[in-house]
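For reference, the structure is listed below as structure tokens.
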Amino acid sequence: VQLQASGGGLVQAGGSLRLACSASGHTVSTLTMGWFRRAPGKEREFLAAISWNGRTTYTNPAKGRFTISRDNAKNTMYLQMNSLKPEDTAVYYCVAILSTGSLATAQAMGGKGYDNWGQGTQVTVSS
């Protein structure tokens, strides 16, 4: 599957952005997909995932502010980000796994095992 992330940009603190991840080669309803980010000088960070059967999960940086969703008709996954902070500045990556097996899905919902990565989109939040 090929993933194309878009929607990044420059926003003021407190603002919102919606990232999109379009998939080609597979339908998003058959994929477990997620979002990671990497800030300058920091480790890569898992943010959220949506399973092939529609379950969602968030890590602490995303809880309460970010919402992951998908539009099957557009074959696209989204990350709605609200109340953005300067510390949200990072390159954001969308990811996916092809397997719908229970173990692979469980690992992916925990941020592990992703074997398909998009190219990243830059998000910059100014103070």
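Here the structure is a predicted model, which means the values were calculated and not measured.
Looking only at distances, a side-chain donor or acceptor of T59 sits under 3.5 Å from a matching main-chain atom of L47. Side-chain N or O atoms of T32 include one that pairs as donor or acceptor with a backbone N or O of W52 at under 3.5 Å. The closest donor-acceptor contact from the side chain of N75 to the backbone of H26 lies under 3.5 Å.
Counting all heavy atoms, side chain and backbone alike, S83 lies closest to S16 at N-OG, 4.3 Å. Shortest non-hydrogen contact noted between V28 and R70 is O-NH1, 3.7 Å. Looking at every heavy atom in both residues, A23 comes nearest to L3 through CB-CD2, 4.0 Å. Scanning both residues, L19 and G8, for their nearest heavy atoms gives CD2-N, 3.6 Å. The minimum heavy-atom distance between I97 and G113, with the atom names listed, is CG2-O, 3.2 Å. Closest approach of P86 and A13 over heavy atoms only: CD-CB, 4.1 Å.
The CZ atom of F66 sits 5.5 Å away from atom CG of L84, with the distance rounded to the nearest 0.5 Å. Atom-to-atom distance recorded for L98:CG and D115:CG is 5.5 Å, nearest 0.5 angstrom. Here CE of M81 is found 11.5 Å from CZ of R18. Values are rounded to the nearest 0.5 Å. Distance check: L31 CG to T105 OG1 gives 10.5 Å after rounding to the nearest 0.5 Å.
W35 and V11 fall within the same hydrophobic cluster, defined by Ile, Leu, Val, Met, Phe, Trp and Tyr side-chain heavy atoms under 4.5 Å apart, directly or through other members. Cluster annotation: L79 and V125 are assigned to the same hydrophobic cluster (Ile/Leu/Val/Met/Phe/Trp/Tyr, side-chain heavy-atom contacts under 4.5 Å, transitive).
Atom CD of Q119 sits in a crowded spot, with more than 12 heavy atoms from other residues, nucleotides or ligands closer than 6.0 Å.
Side-chain contact between Y92 and L17: absent, with no pair of heavy atoms (C-beta onward) separated by less than 4.5 Å. Looking at S51 and M109, their side chains come closer than 4.5 Å, going by heavy atoms from C-beta outward. Inter-residue side-chain proximity for M77 and I50 is flagged as met; some heavy-atom pair is nearer than 4.5 Å.
Checked options R37, Q122, R44; the residue passing with V91 is Q122 (criterion: side chain to side chain contact (heavy atoms under 4.5 Å, CB included)).
By the ring pair (Phe, Tyr, Trp, His ring centres under 6.0 Å) test, F36 is found to be paired with F46, Y114, W117, residues two or more places apart in sequence or in another chain being considered.
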- Task: List the steps, then state whether side-chain contact (heavy atoms from CB on, under 4.5 Å) holds for S22 with T76.
- Result: CA-CA 4 Å; S22 62; T76 300; 4.0 Å; yes
